Amino acid sequence: MAIVANLDVIMAKRKKSAGELADEIGITPANLSVLKNNKAKAIRFSTLEELCKALDCQPGDILEYVEE
Amino acid sequence: MWNPAKSVILSSVCTKLVILLVFVFAFIAPNLVDYYLGNVAIKHPDTAFWFLVTVYACCVPALYALYCLDRLLANIKKKEIFIEKNVKYLRRISWCCFAVSLLILIATFSSLLLFIAAIAAAFIGLILRVVKNVIEQAMILKDENDLTI
């Protein structure tokens, strides 16, 4: 996995639970879990926008490129 | 009102009816062969026995294909359409069609007219193969879509 989602890190920093965040950005907890566990194949700009808004951060804080 | 759910039920009922029909046909096949003796397909009494053998041999892939079709419809009823299992069922049905086509091709020793039936069976098998390819691609697309958050 070259692109890694560091959602749990930023969620811990903002002290937000998964259920709370899922509710706030309007996706199901199951889908948020897919994203958190790096099982997702793609992320919509709209979801990313909501995530950045809810966690008050930049896309770069959530997504990271890791050399394989 | 007519809706997709009812359509699936109709297909399911039809499949079960055809399964029943195959059994009835298998049961009365010897009488049918006797009746048609000397007519179109079975010109000689000696060929009648071997013709019957091919008819019964055809029943095996036919019943297996119908079983697969029934399972496929059961999955569609459960709203599980683009899954690995359905692709597998479609592939098996397609191979059953090719098997029947081959068996009928062997049966052309009794009448060349059966050649048309063999071509028809092979053609259905080919169409099902293409449908299988489509479902396979759709499965990949669905997977991609499901994992887009």
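Only a predicted model underlies this, so the values are computations on that prediction, with no experimental measurement involved. Residue numbers begin at 1 in each chain, while the letters A, B, ... track the order of the sequences.
- Hydrophobic clustering (side-chain heavy atoms under 4.5 Å, transitive across Ile, Leu, Val, Met, Phe, Trp, Tyr) keeps B:Leu90 apart from B:Ile83.
- A salt bridge links A:Lys41 and B:Asp143; the closest N-O separation between the charged side-chain nitrogens and carboxylate oxygens is under 4.0 Å.
- A donor-acceptor pair under 3.5 Å links the side-chain atoms of A:Thr47 to the main chain of B:Ile149, judged by distance alone.
- Both the backbone and the side chain of A:Ile43 have a heavy atom closer than 4.5 Å to some heavy atom of chain B.
- Closest approach of A:Arg44 and B:Thr148 over heavy atoms only: NH1-O, 3.6 Å.
- A single hydrophobic cluster is not seen to contain both B:Val100 and B:Leu66; linkage of ILVMFWY side chains at heavy-atom distances under 4.5 Å, directly or through other members, places them apart.
- Note on A:Ile3: it clusters hydrophobically with A:Ile62, by side-chain heavy-atom contacts below 4.5 Å among ILVMFWY residues.
- Within 6.0 Å of atom NZ in B:Lys142, 12 or fewer heavy atoms from other residues, nucleotides or ligands are found, so the atom counts as exposed in its surroundings.
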